[in-house]
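Below: the structure, in C-alpha cells.
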Amino acid sequence: MKNRVSYFDNAKFFLILLVVFGHLIRPLIEENETIMTIYKFVYTFHMPAFILISGYFAKGIKQKGYVQKVAKKLILPYLIFQGIYSVYYFFIENKNRFIIDPLDPHWSLWFLLSLFFWNLLLLGVTKLPKKGALTLAFGLGIGIGYIDDISNYLSLSRTFVFFPLFLIGYYLKLEDFSKITSKHVRISSIVLLTGIFIAYFKMDFDYEWLFGSKPYSHFSEPTLISSFIRLGFYSLTLITSICFLSLIPKNYAFYTEWGTRTFYVYLLHGFIVQAMRNSVFINWLEGVQSISLVAFLAILLTSLLSTKLVQEIAKPLIEVRSFSLLKYRTITKG
C-alpha cells in the first residue's frame, strides 16, 4: 500500500516540477533551438500524464455525492483564483481595463474546469462498452478541431481533446502501472524517450498543437489531414506519457510527501512566474539562456510551494470547504 501511494505521489511531484519548468522556459524558446526542442518534448507528455493519473483516481464517479464533492474541490478554488488572477494581471501588466470573466479561465486554471467536466463526461460515456466509450472519446477529440468557435472559453477545446487520456486513465488498473514499471519496460522507455527527443530536433511543427486549445483553422485550412495530425499527436502523447510514468520510482523518498501538495504548486506558481515575466529578471534570463539555471529555479520554486508552511497559509483559498468546516468545529467546541 505504501509503495502504491508513493508511486503516484512521486509521479505527481515530477509532473508538477515539469509544469513549473515548462512555464519558466516559455520566454526563452523563440531564440534557442535546444530550449524550444526541450519545451516541445516536455509538453508532449507532462499534462497528458497528469490527466491519465487524474482519470485513474476518478473511479468513484458513480458513488453518491461524488460529483458534488468534485465540484466543491475544483469549482470553488477555480472561481476564487480566477478573481485573484484578474486583479493580479490588472496590476502587474498595467492593463487599462479591469475584467473578470469566470467563463474564460486564466492561464493554467483551465485544468480545474476541464477536470470537473471530465468527471461529468465519465458519467455518460462509461455507460457504453469500453471500446465504444474510447472510440467516442477519440472521435470527439478529433472532431472538435473542426469547430472554429471552440477555444479556451470554458476550456471546451482542451476538455474534449484531452478527455480520451482521462478516460484511458479511468480504465487503467493498479497492475497496469506495475507492468510499465518493470525493468525491461523502463529500459525500453529510456530508449524510446531518447529517440523521440533527438527526433524532435528534426521535426518542425507548431508547438500549439500540443496545447489542445486551438481549432485546426488556427494552423492551416482544415482538411482530412488535420484529423490524422491530431491522431498522430495522440499516439505520440500516449507513448511518451507511458514511457515517462514507467521511470517513476516506486518507493518512498524525501519528495514523496511534496507530491501530495501539487494542487498548491499548480495554483500558486503562476503568480511568481508571471511576476518574473513582467520584470527585468526575464531580460537577464533571456541573455543567459541557461537551461540548467531554469531547471534549478523550477526545483527551488516547486520545493518551496510544496512545503507545509505554504499549505497552511494557502489552505483558506485552496481547500475552502475543509478549512471552513474545521473553523466551524473549532468555534462550536470553544
Side-chain angles (χ1 to χ4, degrees), residues 12 15-16 19 43 46-83 85-86 100-128 130 132-172 208-216 230 233-234 237-238 241 262-263 266-267 270 318-321:
K12 289 191 291 181
L15 287 169
I16 197 63
V19 169
Y43 269 76
H46 75 329
M47 285 309 297
F50 236 133
I51 294 166
L52 273 172
I53 291 177
S54 299
Y56 173 79
F57 284 104
K59 298 189 189 304
I61 186 65
K62 296 179 182 178
Q63 296 176 0
K64 185 178 180 180
Y66 183 88
V67 174
Q68 291 87 338
K69 181 180 177 181
V70 169
K72 291 177 181 178
K73 181 181 179 181
L74 298 174
I75 301 303
L76 285 178
Y78 166 77
L79 292 173
I80 291 171
F81 276 84
Q82 182 75 353
Y85 269 111
S86 297
I100 296 182
D101 187 349
L103 303 182
D104 188 12
H106 283 299
W107 202 33
S108 58
L109 295 181
W110 70 267
F111 183 68
L112 276 67
L113 268 186
S114 288
L115 186 53
F116 174 68
F117 289 136
W118 290 328
N119 278 276
L120 292 183
L121 286 170
L122 276 183
L123 287 172
V125 171
T126 52
K127 292 179 180 179
L128 300 172
K130 185 185 297 186
L134 288 170
T135 300
L136 176 61
F138 277 106
L140 289 171
I142 292 172
I144 206 71
Y146 290 103
I147 303 177
D148 290 344
D149 294 334
I150 298 292
S151 59
N152 189 59
Y153 214 66
L154 273 175
S155 191
L156 288 177
S157 181
R158 284 185 171 110
T159 295
F160 286 106
V161 170
F162 289 123
F163 178 61
L165 303 175
F166 188 81
L167 184 61
I168 289 173
Y170 173 80
Y171 285 128
L172 289 177
E208 290 191 332
W209 274 101
L210 302 170
F211 296 167
S213 59
K214 306 292 184 182
Y216 298 143
R230 176 151 288 170
F233 277 113
Y234 272 136
T237 286
L238 281 168
S241 296
T262 54
F263 200 45
Y266 192 84
L267 289 173
I318 296 177
E319 298 183 37
V320 182
R321 179 172 173 268

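If you're wondering where the values come from, they're calculated on a predicted model, not measured in any experiment.
Looking at Val70 and Ile75, their side chains never come closer than 4.5 Å, going by heavy atoms from C-beta outward. Residues Phe263 and Ile16 have side chains not in contact (no heavy-atom distance under 4.5 Å, counting atoms from C-beta outward). Here the side chains of Leu15 and Met47 are not in contact, with every heavy-atom distance at 4.5 Å or above. With a 4.5 Å cut-off on side-chain heavy atoms, Tyr234 and Pro164 count as touching.
Atoms CG and CG, from Leu109 and Leu74 in turn, are 11.5 Å apart once rounded to the nearest 0.5 Å. Considering CG of Leu52 and CG of Leu238, their distance stands at 6.5 Å, rounded to 0.5 Å. To the nearest 0.5 angstrom, Ser54 atom OG is 8.5 Å from Lys12 atom NZ. Annotation: the span from Tyr56 atom OH to Ile168 atom CD1 amounts to 15.5 Å, rounded to 0.5 Å. Taking CD1 of Ile53 as the reference point, atom CZ of Phe166 lies at 12.0 Å (rounded to 0.5 Å). Atom CG of Leu76 and atom CG of Leu112 lie 10.5 Å apart (nearest 0.5 Å).
Between Trp107 and Gly270, the shortest heavy-atom distance links the atoms CZ3-CA, 3.0 Å. Contact between Glu208 and Lys214 at its shortest, heavy atoms only, is OE1-CE, 4.0 Å. Listed here is the closest heavy atom pair of Pro48 and Phe162: CG-CE2, 4.4 Å. Contact detail for Leu167 and Ala137: the closest heavy-atom pair is CD2-CB, 3.8 Å. The two atoms that bring Ser155 and Leu113 nearest to each other are CB-CB, 4.2 Å, heavy atoms only. In terms of heavy atoms, Phe160 sits closest to Ile144 at CD1-CD1, 3.9 Å.
Pro215 pairs in a side-chain contact (heavy atoms from CB on, under 4.5 Å) with only one of the listed residues (Asp148, Ile150, Ile147), which is Asp148.
Remark: Tyr216 pairs with Tyr146, Trp209 by the ring-ring contact (aromatic ring centres under 6.0 Å, His included) rule, at least two apart or across chains. The side chain to side chain donor-acceptor pair (under 3.5 Å) test applied to Asp149 returns no partner, not counting sequence neighbours. Residues meeting the side chain to side chain donor-acceptor pair (under 3.5 Å) test with Tyr171, sequence neighbours left out: none. Under the side chain to side chain donor-acceptor pair (under 3.5 Å) criterion, His46 pairs with no residue at all, not counting sequence neighbours. Residues forming a side chain to side chain donor-acceptor pair (under 3.5 Å) with Thr262 (at least two apart in sequence, or on another chain): none.
Of the possible polar contacts, one joining the Ser157 side chain to the Gly212 backbone as a donor-acceptor pair under 3.5 Å is found.
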Sequence neighbours excluded and cut-off under 3.5 Å, please list the side-chain donor-acceptor pairs for residues 115-126, or say none.
{"from": "Trp118", "atom 1": "NE1", "to": "Thr159", "atom 2": "O", "distance (Å)": "2.7"}
{"from": "Asn119", "atom 1": "ND2", "to": "Leu115", "atom 2": "O", "distance (Å)": "2.7"}
{"from": "Thr126", "atom 1": "OG1", "to": "Leu122", "atom 2": "O", "distance (Å)": "2.4"}

Full working for side-chain contact (heavy atoms from CB on, under 4.5 Å) between Ile61 and Val67 = CA-CA 7 Å; Ile61 186 65; Val67 174; 4.2 Å; yes

Evaluation steps, side-chain contact (heavy atoms from CB on, under 4.5 Å), between Tyr153 and Asp101 | CA-CA 10 Å; Tyr153 214 66; Asp101 187 349; 3.2 Å; yes

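Within the structure, side-chain hydrogen bond (donor to acceptor under 3.5 Å, both in side chains) pairs that include any residue of residues 73-83 do not occur (at least two apart or interchain).
Between Phe111 and Tyr266, the ring planes are tilted. Angles from 30° to 60° get that label.
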